[in-house]
Number of protein chains: 2
Amino acid sequence: MRDTLLEQLVPVFREQGYAGATLVQLAAATGLGKASLYHHFPGGKAEMAAVLLRKSVADLQKRAFAHLTRTKRAPNERLQAFIDGFSDYVAEGAGHCLVAVFAQGPAAGVHGDLINNQFVDWRNTLIAVFEELGEKRKRARRSADQLIDELYGGLLTAKLLGDPDHFTRCVKRIKKALG
Amino acid sequence: MRDTLLEQLVPVFREQGYAGATLVQLAAATGLGKASLYHHFPGGKAEMAAVLLRKSVADLQKRAFAHLTRTKRAPNERLQAFIDGFSDYVAEGAGHCLVAVFAQGPAAGVHGDLINNQFVDWRNTLIAVFEELGEKRKRARRSADQLIDELYGGLLTAKLLGDPDHFTRCVKRIKKALG
DNA sequence: ATAATAGCAGAACGAACGTTCGAGTAGGAC
DNA sequence: GTCCTACTCGAACGTTCGTTCTGCTATTAT
């Protein structure tokens, strides 16, 4: 039940940002009254955002980055699985990552460290995979950086172009380049 | 005088987003009282954002994309100049592009079309340059998309990692790859 | 000197914000 | 039947929001 509630809150924060999301909108999205939301989230808007951020990080880990450490499969297969997983994750969000949303604006001050540490970890995981593919550390770092940059850039650019398909093309392009 | 005012307003919108920026903050950034801001921007917060967005688009055009159409220089030189110009533009903003900020949140609804049309134009300009380099249309489109994705992705990822240098490395990597 | 204008801010405005309160309903435990 | 807990909501709270009103101070033109 609580998970249903959380899923209903996501689109509001994703489209409006933390500052832009109002309790009227959040309540409307759940079908509850404003006051009822406080029964489930006594901490109010800040708690909803915090819970949602943690959930988003966990989802992203599970759906995308976890594939990178499934050492039974070949490194390049793991990369492809990661990219597919990431694509699925953000597609559910119609092309947006809640973690990236909270990394901007006022919420960044509160949750910045959590996000930063998580992404540094993820980047290191990615680097390790490229090293498994035989790349030297420096080269592996560049490959990992380029991969994350392209994925999140594709997400942002799709919005800038007003073309949701842009991200799909971006994913295709990346997968092709990685062979 | 008005330009000074505008420049003082930029960091507030960039760090807080449109919804997150309050008139108290905007006034404090200029050193004026809230009421005084209305003498310069009778339309209030919405007008400030609109003027700033147009100015940002013009700046980005002038500082970065304009280099792409300086047909006296070789295509690859123009690309390098574009990347350097883009890098300079966002560096002044400490690693953020105001246009991208306004493309998210509530402001997207009002200014979305302007931003989208502008970026489609810019993308076409970029595609044309890659065609000049001898790439077929399809390939040129991929090259252009990848370039924008990496630039804006580098910007966003730098924030996610909490590492401003990430964007600098991103620019270096792109320039190297383009030879 | 006087009039006119541009710029500025203190104080107040209604509206919307996030939040709290108190009452009320439903359902299971004993 | 009586508790208790879980849950919901209308109404109101104080605060802050964006905005406007009013009058003051410079500066400039006449």
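Both backbone and side-chain heavy atoms feed into the values below; hydrogens, waters and symmetry mates do not. Letters go in sequence order (proteins before strands), and every chain restarts at 1.
Between L37(A) atom CG and dT20(C) atom P there is a gap of 13 Å when expressed in whole angstrom units. For H39(A) and dG10(D), the NE2 to C1' distance is 17 Å, given to the nearest whole Å. One atom, CE of M1(B), and another, C1' of dC8(C), lie 14 Å apart when rounded to the nearest Å. Rounded to whole angstrom, the span from the NE2 atom of H40(B) across to the P atom of dA6(C) amounts to 12 Å. A straight line from CG of L32(A) to P of dG24(C) spans 21 Å, rounded to a whole angstrom. Here dC17(C) presents its P atom at 14 Å from OH of Y18(A), a figure rounded to the nearest Å. Q16(A) places its CD atom 11 Å from the P atom of dC17(C), with the value rounded to the nearest Å. Regarding R2(B), its CZ atom lies at a distance of 13 Å from the P atom of dC8(C), rounded to whole Å.
Proximity note for V24(B) (side chain, C-beta onward) versus dC7(D), dC17(D), dG18(C): the nearest is dC17(D). Considering only side-chain atoms of A35(B), the nucleotide from dT8(D), dG7(C), dT20(D) that sits closest is dT20(D). Listed candidates were dT8(D), dT19(C), dG18(D). Nearest to the side chain of K45(B) is dG18(D).
Nucleic acid contact class of L23(B) (heavy atoms, under 4.0 Å, all strands): base. When heavy atoms are screened at a 4.0 angstrom cut-off, A21(B) is found touching the sugar-phosphate backbone but no base atom. Contact annotation for T22(A): backbone-only contact, meaning every heavy-atom pair under 4.0 Å involves sugar-phosphate atoms and none involves a base.
At a threshold of 4.0 Å, the pair K55(B)-D3(B) does not count as salt-bridged, since none of the basic side-chain nitrogens sits closer than that to a carboxylate oxygen.
Scanning atom types as modelled, one donor and one acceptor separated by under 3.5 angstrom connect the side chain of K34(B) and the base of dT19(D).
The side chain of Y38(B) contributes an N or O atom lying less than 4.0 Å from OP1 or OP2 of dT19(D). One finds a side-chain N or O of S36(B) lying less than 4.0 angstrom from the OP1 or OP2 phosphate oxygen of dA9(C).
In this structure, OG1 on T125(B) lies 11.0 Å from CZ on R78(B), to the nearest 0.5 angstrom.
R14(A) and V101(A) get closest at one heavy-atom pair: O-CG2, 4.1 Å.
Y89(A) has its ring centre no less than 6.0 Å from the ring centre of F82(A).
Residue D113(B) places its CG atom among 12 or fewer non-hydrogen atoms of other residues, nucleotides or ligands, all under 6.0 Å distant.
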